[in-house]
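A note on names: the letters A, B, ... follow the listed sequences, proteins ahead of strands, and every chain is numbered from 1.
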2 protein chains.
Amino acid sequence: MKTYPRVTLEQWRVFQAIIDKGGYAQAAQYLHRSQSAISYAMSRLQQQLGIALLKVEGRKALLTEQGQILLERSRLLTDEAVEIENFAYHLSQGREAEIKLVVDAAFPKDLLMSALSKFANQSQGTRVQLREVVLSGASDALLSDETDIVIGVQAPSGFLSDPLYEVELIAVAHTNHALHKLKHKITSADLSKHMHVVIQDSGEKEKMDIGWLSSQDRWTVSSIDSALSAIEHGLGYGWLPRYRVSEQLKQGSLKALLLEQGASYKAFLFISFAHPQNIGPATRELATIIKDVVKKNI
Amino acid sequence: MKTYPRVTLEQWRVFQAIIDKGGYAQAAQYLHRSQSAISYAMSRLQQQLGIALLKVEGRKALLTEQGQILLERSRLLTDEAVEIENFAYHLSQGREAEIKLVVDAAFPKDLLMSALSKFANQSQGTRVQLREVVLSGASDALLSDETDIVIGVQAPSGFLSDPLYEVELIAVAHTNHALHKLKHKITSADLSKHMHVVIQDSGEKEKMDIGWLSSQDRWTVSSIDSALSAIEHGLGYGWLPRYRVSEQLKQGSLKALLLEQGASYKAFLFISFAHPQNIGPATRELATIIKDVVKKNI
DNA sequence: AGAAATATATCAGTTTATTTGATGATATAT
DNA sequence: ATATATCATCAAATAAACTGATATATTTCT
C-alpha cells in the first residue's frame, strides 16, 4: 500500500489533455510542449501505475475501461488542486478562511439556511461557523470577540448594526390550558397563578430579563424548541415567535392568550459586525446575502 | 483565475512533513532529502501561493492561520492522489472498476443499503451501479449481459444462483375499501369487481404475469412505491411485500384482505452472477457481503 | 497497390528545476 | 559566554523532463 503519491499532477494533466484535445500532438500543442514530451509523460504514468490507460488502436489513442475511470477520478484531483490554489489566492487578497456567525434562535431557520446556501455557492472556500444563542447571548458574542457577524435582538452601542428582521412574539398556551377557560381578559394577576415558560438567556455577562412579569412558578428552558415543546405539553404559558407557532395555532393545539395587555410584542433583530473597522470581503458578502434574503422574504 | 495547478503534490507533501515531523530538519530526514531542499521547496510553495503558510518564530516554524487551513485541504488532496494510485493498483490486479448490480424492487432497501455501505468501506474504489427492476426485469438483465450481480425472483437455468431472501406478499386494500365491508371471506368473484393494482413487469422479453387473477379493471404501475401509493389512496387492492406495508397495517391506513385463498404468498429472491465463469474479486466480495447482511437480519 | 498523410514511439542530446553541501544568521539552552 | 538547534541562502551537481529528429504503424487518397 502506497503512502505517498508518485504520480505528479502534471502527469494527470497530460493524460487529461490527451483525451480532451484528441491526441498526443494536440495535447502537446495545448500544453506548449513537444509531442515526445507528452509521449514520455504518458508512458511513464502508465508504467508507474502498472496499468494501461490508453490503447493505441490504429493511430488513435483510445481510453481503456480503466483509463476511463482513472480519468474521471484524476479530474477531481486536479480540480481540487486548482481550487486550493485559488483559495490561497483569495486568502492572500485578505479573504477570510472562516466566518463566525452568531444567530439568535428567534431568527427563522429557513431564511438563515437559504442565505447560507447562497453564500456557499460563491464562498470560494470560506467556511461559516454557526452558533445559535438566545437573547443576550448575541451581545455577549459581539463583546467577547469570538465572532464576526451577529444577528441578535440588539447590539450594544458602538457596533455597526442594521435592523434586519421583525419577530412578533405572542403569548400562547395549550388549548386546554386553564387560562383559556377564564371569562374575562387575562390580567397579570391571572398569569401569576400559572407556570411561565421562560427561555433562558444563553448570555453570561449582563443578564437581560425578558420575564418581566413576576410569576409564581417559572419553567426555564434553554431554547425555543424546548419552550415550544413545554408549552405544547400544557406545562405553562409563554411568549414565542409567531412564525414558530403558526402551525400549532392553525391546528388548534395552541391558542393565543387574550391578555389585557402585552399579548404580543415585537422584537427587532439586528445584524451587526463584530469588527466594524476591519470587515473582510467574505464577511461583507455574507452580511449582504443575509440582508437580501430577508428583504426578499418579507 | 488559475485553470491548472502550479504547486506540485511534492510541495504539499513537504509542507505537511514539516508540520508532522516538527521542523525542516526532521522533514528532510523523513523525506530523505537535505534540509536546504526542504527550505527551497517550502519557500517556493509560499511564493507561488503568494501567502505565508509558516512563520518562523524564534527557531521554530509555526503555522499561520492560513497555513492551518491550507494544510488541512492539502491533506485531502494528497490523500486522494494516493487513493487513485492505490485504486489503479487494484485495477492492475484485476479488480473491477465498477460492478453493475440489478435488484428486484421487492428486496428490502435497508438490507441493500446496509450491504452497499459495508461494501463501500472495503471497495478500494470500486463503484456500484445500481438498477432497480421488478419481476422479469431481473432475468432480462442477467440474459442481456449488462450486469454482474442480480437479485431477483428467479434465475434462468444456467446461472449460478443462491436463494437469498424470502419476501411475503400480502393482499391489502385501504381500510375504507369496499372489500373490507363484506361479511364473508373474499372470493375471486369479489375481487374481480374491483380495481386491481398490478406492478408492471420491467422486463422486456418474456413477460411473466403476476396478475393471474383476472380482474375487470386493472391499474398498472411500474414500481412498488406507486403501487403502495395507489392502494393507500384507495384506488384498489393489490399484493405488496409485507415489510413495505407493516407500518400502514399498524397505523390502520391499510388492512390485509381476508381472502378465501391466496391472501399471501411467498416469493423467493435469488442472488445470481451474470458471468459465473469469470467473477472478479470485488463482485465476489459484494455478493458475500449481501448474503451476510441478509443472514444477520433474518 | 502505392504514395502521402497522420499518429504515436523511441533515441540521443540538451535544458531546467531541484537537490546538495557548505556557510550564515538567529534564537534557545547550558 | 559557549554550545546547540533551527531556518535561509549560495554555488555547484544532478536527475528528471524536454526537444528535435527519426522510426514505426495505420489510415486515406489517388
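Note on B:A25: only backbone sugar-phosphate atoms sit closer than 4.0 angstrom, heavy atoms only; bases stay farther off. Residue B:Q11 is out of contact with every strand shown, counting any heavy-atom pair closer than 4.0 Å. Backbone-only contact: B:A61 has heavy atoms under 4.0 Å from sugar-phosphate atoms and none from a base.
Atom OG1 of B:T64 is separated from atom CG of B:L62 by 10.0 Å, given to the nearest 0.5 angstrom. To the nearest 0.5 angstrom, B:I19 atom CD1 is 9.5 Å from B:Q16 atom CD. From A:T78, atom OG1 reaches atom CG of A:L9 across 7.5 Å, with rounding to the nearest 0.5 Å. In this structure, CZ on A:F87 lies 9.5 Å from CD on A:Q124, to the nearest 0.5 angstrom.
Both the sub-6.0 Å distance and the 45° axial angle are satisfied by B:R6 relative to the ring of B:Y4.
Extent of DNA chain D lying under 4.0 Å from chain A heavy atoms, first and last nucleotide in 5' to 3' order, is D:dA17 to D:dT27.
Distance, B:Q29 CD to C:dT20 P: 13 Å, rounded to whole Å. One interatomic measurement links the two molecules: CZ of B:R33 to P of C:dT20, which rounds to 7 Å at whole-angstrom precision. Protein atom CG of B:L9 is 16 Å distant from nucleotide atom C1' of C:dT18, rounded to whole Å. One interatomic measurement links the two molecules: CG of B:L45 to P of C:dT18, which rounds to 11 Å at whole-angstrom precision. In this structure, B:R44 places its CZ atom 9 Å from C1' of C:dT18, rounding to the nearest Å. Going from atom NE2 of B:H32 over to atom P of C:dG21 covers 15 Å, rounded to whole Å. Computed from coordinates, the A:Q47 CD to C:dT10 C1' distance equals 14 Å when rounded to whole Å. The distance from atom CG of B:L31 to atom P of C:dT19 is 10 Å, rounded to the nearest whole Å.
Checking C:dA22, C:dT19, C:dC11 against the side-chain heavy atoms of B:S36 singles out C:dA22 as nearest.
Closest non-hydrogen pair, B:A81 versus A:P5, comes out as CB-CB, 3.8 Å.
Taking 4.0 angstrom as the limit, A:Y24 places none of its side-chain polar atoms (N or O) nearer than this to OP1 or OP2 of C:dA7.
In DNA chain C, runs of at least 3 stacked Watson-Crick or G-U pairs (N1-N3 plus N6-O4 or O6-N4, or N1-O2 plus O6-N3, all under 3.5 Å) give these stems: C:1-30 with D:1-30.
Without hydrogens or angle criteria, B:E85 side chain to A:V7 main chain gives a donor-acceptor distance under 3.5 Å. Remark: side-chain polar atoms of B:Q46 are paired, donor with acceptor, to backbone N or O of B:L53 under 3.5 angstrom.
In this structure, A:E57 and A:E10 both approach DNA chain D, and ranking their closest nucleotides by distance from the 5' end singles out A:E10.
Every residue was checked against the ring-ring contact (aromatic ring centres under 6.0 Å, His included) condition with A:F119, not counting sequence neighbours, and none meets it.
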